[in-house]
Protein chains: 2
Amino acid sequence: MDSPQNCRHCDRNLCIHRVPLFSSLSEENLLQIAGLIQHKSFEKGELLISEGGSMESLIIIHQGRVKAFRYTSAGREQILYLFSEGDFFGEQYLFSNLRATYNVEALSPVKICLLTKSQLHKVLLTHPDVAIKLISELGKRIAQMENAFQSMGIRDVDARVATLLLDFAEKFGVDAPGGPLITLPISREGMANYLGIARETLSRKLSKFEDDGLIQSVDLKTIQVRDRDSLGDLAGLE
Amino acid sequence: MDSPQNCRHCDRNLCIHRVPLFSSLSEENLLQIAGLIQHKSFEKGELLISEGGSMESLIIIHQGRVKAFRYTSAGREQILYLFSEGDFFGEQYLFSNLRATYNVEALSPVKICLLTKSQLHKVLLTHPDVAIKLISELGKRIAQMENAFQSMGIRDVDARVATLLLDFAEKFGVDAPGGPLITLPISREGMANYLGIARETLSRKLSKFEDDGLIQSVDLKTIQVRDRDSLGDLAGLE
DNA sequence: GCTAATACCTGATTTGAATCACAGCTTTCT
DNA sequence: AGAAAGCTGTGATTCAAATCAGGTATTAGC
C-alpha cells in the first residue's frame with residue numbers, strides 16, 4: 001500500500017483535510033471529493049487571479065503564501081488579505097458570475113487545490129451541513145474584515161502599526177525565547193500599503209518601537225515581539 | 001378578505017417578501033415562515049443590540065434606519081454599517097455562540113422582524129436553496145466591506161468624502177431635478193467618525209465641494225448631488 | 001414662544017505624516 | 001563573483017489635517 005498512487009492520493013487528501021469546511025463529511029465523502037480536486041503550482045511573483053478575470057473555482061492554499069490586492073486610483077497597491085496554508089478564497093463568486101475584484105499573487109512558491117463551482121455546488125446541495133459550515137466561515141471572514149476596517153478608521157498611526165504586528169504575530173509568528181518571531185510575508189512597502197501609510201513612516205515607527213523595546217529586528221524579514229502587552233496597549237485592546 | 005387579521009398577516013409577509021434571502025421559497029413555505037416571525041419596535045436612540053450581548057435572531061429592518069458601531073480605544077464611535085429598510089444582519093452569529101461585536105442603535109423610529117437562530121437553522125437544513133442564497137448574500141456583504149476597507153486605505157481625504165457622498169446617494173438618495181437628494185441618516189460627527197477624520201475637516205470638505213459646485217446643501221439634513229461625475233473622479237472610480 | 005442644549009461652521013495655530021533626497025544594504029541575474 | 005536593480009533607513013522640508021477657539025444656527029424641552 002505504499003505505491004506511488006496511494007501516496008499521491010494521500011497528498012490530495014491533505015487539501016480538504018485541512019479546511020474546516022469539510023470537517024463534517026465522512027471519510028467516504030471526503031475521498032469522493034478529493035478525487036474531484038485539481039492541483040496547480042505557482043512561482044513567487046506569479047498571479048493566481050487577476051482583477052476582472054473569471055472565477056470558476058474555490059481555491060485552497062496547500063503550501064505557501066499569497067496576497068490579495070487591488071490598485072487604488074493613485075496607482076498604489078492596496079492589500080486586502082494575506083492567505084497562507086489552509087486558507088481558502090473565491091467563495092464570494094460561487095453563486096454569481098461576477099468577475100474577480102482583486103488580484104492574487106504568490107509571495108512564495110505556492111501549491112493550490114481547486115474545486116470547481118459546479119462541484120462545490122453539488123456538495124452544498126447534498127450536504128446541508130457543509131453549507132452551514134461555509135456560512136459560518138463566511139461569518140468569520142466578515143468579522144475579521146470588520147476589525148480590519150475599524151483599525152483603518154483609527155487615526156493614530158502607532159495603533160495601526162501595533163495592530164498589524166500583533167496580527168502578524170498571531171498568523172505568522174512562531175514562539176521563541178524572548179518572544180514570538182514573525183517571518184514577514186511582505187516588504188515594508190507592502191505593509192505600509194496595507195495600512196495606508198507611507199513606507200518611510202512605517203520604517204520610522206518600527207525604529208521607534210525597537211528603541212522602546214517593543215520589538216527587535218532580527219533581520220530584514222524577521223521581527224521579534226518583545227513586549228506584547230505594550231503593543232496591545234498601543235493597539236488599544238481592552 | 002379585508003378583515004384586520006388578514007391585514008396583519010399581509011403586514012407580516014412584508015418582512016420576508018422584502019428580503020432576497022427567501023425569494024426562492026414558494027408562497028406556501030413563505031407563509032409558514034411568516035408565522036414564526038416576531039416583531040419589535042424601537043424609538044430613535046434606543047439600542048437594538050449592545051456589544052457583548054447575545055444574538056439569538058436574524059434581524060430584518062422593516063422600517064427606519066439603524067447604525068451599527070463600536071467604540072475605539074480613544075472613545076470615538078466607529079460606525080461599521082448603516083442599515084435601512086430590507087437590510088438584515090446578525091447572520092454571522094447564526095452558527096456560533098459568539099457575542100455581538102457591535103452596538104446597533106435606532107436612528108429613527110424602527111420596526112424590525114426577528115427570526116430565531118433555531119428557526120432559521122431548520123429552514124436552511126430543509127431548503128438548501130435558501131442556504132445558497134444566504135451564502136451569496138454574505139458574499140455581497142464581504143465585497144461591500146472590501147470596498148469600504150479599501151476606501152479607508154486611501155490617504156486622500158477628498159476621495160473618501162466623495163466616496164461617502166456617492167454611497168449615500170446610492171443608498172439614501174431620491175431623484176430630483178438638479179440631482180439626487182440625500183437625506184443624511186447621521187450627523188456630521190457621525191460621518192466624520194465613519195471616515196475616521198475630524199468633524200471640522202468634514203465640514204470644510206463639504207463647504208469646498210459646495211463652492212466647487214459638486215454638491216448643494218439644501219438644509220442641514222439634506223444634500224443635493226449636483227455633479228456626480230466630478231465626485232466620481234475625486235472618488236477615483238475608473 | 002422662550003431657553004437651554006446641541007449641532008454646525010469658520011478662522012488661527014500646531015502637529016505629525018507625506019514627500020523629497022540620498023546613502024547603505026540586499027537580492028537577483030548573468 | 002560582480003554589476004544592476006530593488007529595498008530599506010534617516011534627515012530636511014512641506015503640507016494637510018488635527019486641534020483649539022469662538023461664534024452662529026438648529027433642535028429639543030419646558
Side-chain angles (χ1 to χ4, degrees), chain A residues 43-46 67 72 74-79 105-109 151-162 164 182-212 215-223 234, chain B residues 43-46 67 72 74-79 105 107-109 152-162 164 182-212 215-223 234:
Chain A
E43 293 305 313
K44 180 177 172 177
E46 273 190 289
K67 65 176 174 185
T72 66
R76 222 187 73 235
E77 189 182 297
Q78 174 70 55
I79 295 177
E105 184 187 315
L107 294 168
S108 66
S151 88
M152 283 302 247
I154 298 172
R155 303 201 200 105
D156 181 19
V157 172
D158 284 31
R160 278 152 71 172
V161 175
L164 182 69
I182 305 169
T183 309
L184 299 172
I186 47 176
S187 67
R188 306 297 151 113
E189 176 146 34
M191 290 192 273
N193 283 340
Y194 180 76
L195 294 173
I197 62 176
R199 180 182 53 81
E200 295 94 325
T201 303
L202 180 75
S203 275
R204 281 187 249 269
K205 291 300 177 195
L206 291 179
S207 301
K208 205 193 69 181
F209 285 1
E210 187 158 9
D211 289 347
D212 295 349
I215 59 170
Q216 172 77 42
S217 175
V218 179
D219 64 57
L220 272 180
K221 293 258 162 274
T222 316
I223 285 177
L234 272 180
Chain B
E43 292 306 313
K44 178 176 173 179
E46 273 190 288
K67 65 176 174 185
T72 67
R76 223 186 71 236
E77 187 181 299
Q78 175 70 56
I79 294 177
E105 183 187 317
L107 294 168
S108 65
M152 282 303 248
I154 297 172
R155 301 203 200 104
D156 181 20
V157 172
D158 284 32
R160 280 153 69 174
V161 175
L164 181 70
I182 305 169
T183 308
L184 299 173
I186 47 176
S187 68
R188 307 298 151 112
E189 177 145 33
M191 290 192 272
N193 283 340
Y194 180 77
L195 294 173
I197 61 176
R199 184 176 48 80
E200 296 95 324
T201 304
L202 180 75
S203 275
R204 281 186 248 270
K205 291 300 177 192
L206 291 178
S207 301
K208 207 194 68 181
F209 285 1
E210 186 158 10
D211 289 347
D212 295 349
I215 59 172
Q216 172 77 42
S217 174
V218 179
D219 63 59
L220 271 181
K221 292 259 161 273
T222 317
I223 286 178
L234 272 180

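Chain letters run A, B, ... following the sequence lines, proteins first, then strands; residues in each count from 1.
Look at A/K205 and you won't find any side-chain N or O under 4.0 angstrom from OP1 or OP2 of D/dT10. A close approach under 4.0 Å does occur between a side-chain nitrogen or oxygen of A/S207 and OP1 or OP2 of D/dT10. Residue A/T201 places at least one side-chain N or O closer than 4.0 Å to OP1 or OP2 of C/dA18. Between C/dT27 and A/K44, no contact under 4.0 Å exists linking OP1 or OP2 to a side-chain N or O.
Residue B/E200 is in base contact, counting any heavy-atom pair closer than 4.0 Å across all strands shown. Looking at heavy-atom distances under 4.0 Å, B/I197 makes contact with sugar-phosphate atoms alone, never a base. Residue contacts shown for A/K208 are absent, as no nucleic acid heavy atom lies under 4.0 Å away.
Here the side chain of B/Q216 pairs no donor or acceptor atom with the backbone of B/E210 at under 3.5 angstrom. The closest donor-acceptor contact from the side chain of B/R76 to the backbone of A/I154 lies at 3.5 Å or more, if one exists at all.
In this entry the distance linking CZ of B/R204 with C1' of D/dC15 reads 15 Å, nearest Å. The separation between A/N193 atom CG and C/dA18 atom C1' is 13 Å, rounded to whole Å. Rounded to a whole Å, the CD atom of A/E210 is 12 Å from the C1' atom of D/dG9. Rounded to a whole Å, the CD atom of A/E43 is 13 Å from the P atom of C/dT28. One interatomic measurement links the two molecules: CZ of B/R76 to P of D/dA17, which rounds to 16 Å at whole-angstrom precision. In this structure, the CG atom of A/D156 is 13 Å from the C1' atom of C/dT15, given to the nearest Å. Rounded to whole Å, atom P of D/dG9 lies 11 Å from atom CG of A/D219. Between the CZ atom of B/R188 and the P atom of D/dA25 there is a distance of 15 Å, rounded to whole Å.
One distance of note links CD of B/E105 with CD of B/E77; it measures 6.5 Å at 0.5 Å rounding. In this structure, CD1 in A/I182 is found 9.5 Å from OG1 in A/T222, a value given to the nearest 0.5 Å.
If you check D/dC7, C/dC8, D/dG9 against the side chain of B/L220, the one that comes closest is C/dC8. Taking every side-chain heavy atom of B/R199 into account, C/dC9 is the closest of C/dA17, C/dC9, D/dT10.
Each of A/K221 and B/D158 lies near DNA chain D, and the nucleotide nearest A/K221 is the one positioned closer to the 5' end.
The shortest distance between side-chain heavy atoms of B/K208 and B/D158 falls below 4.5 Å.
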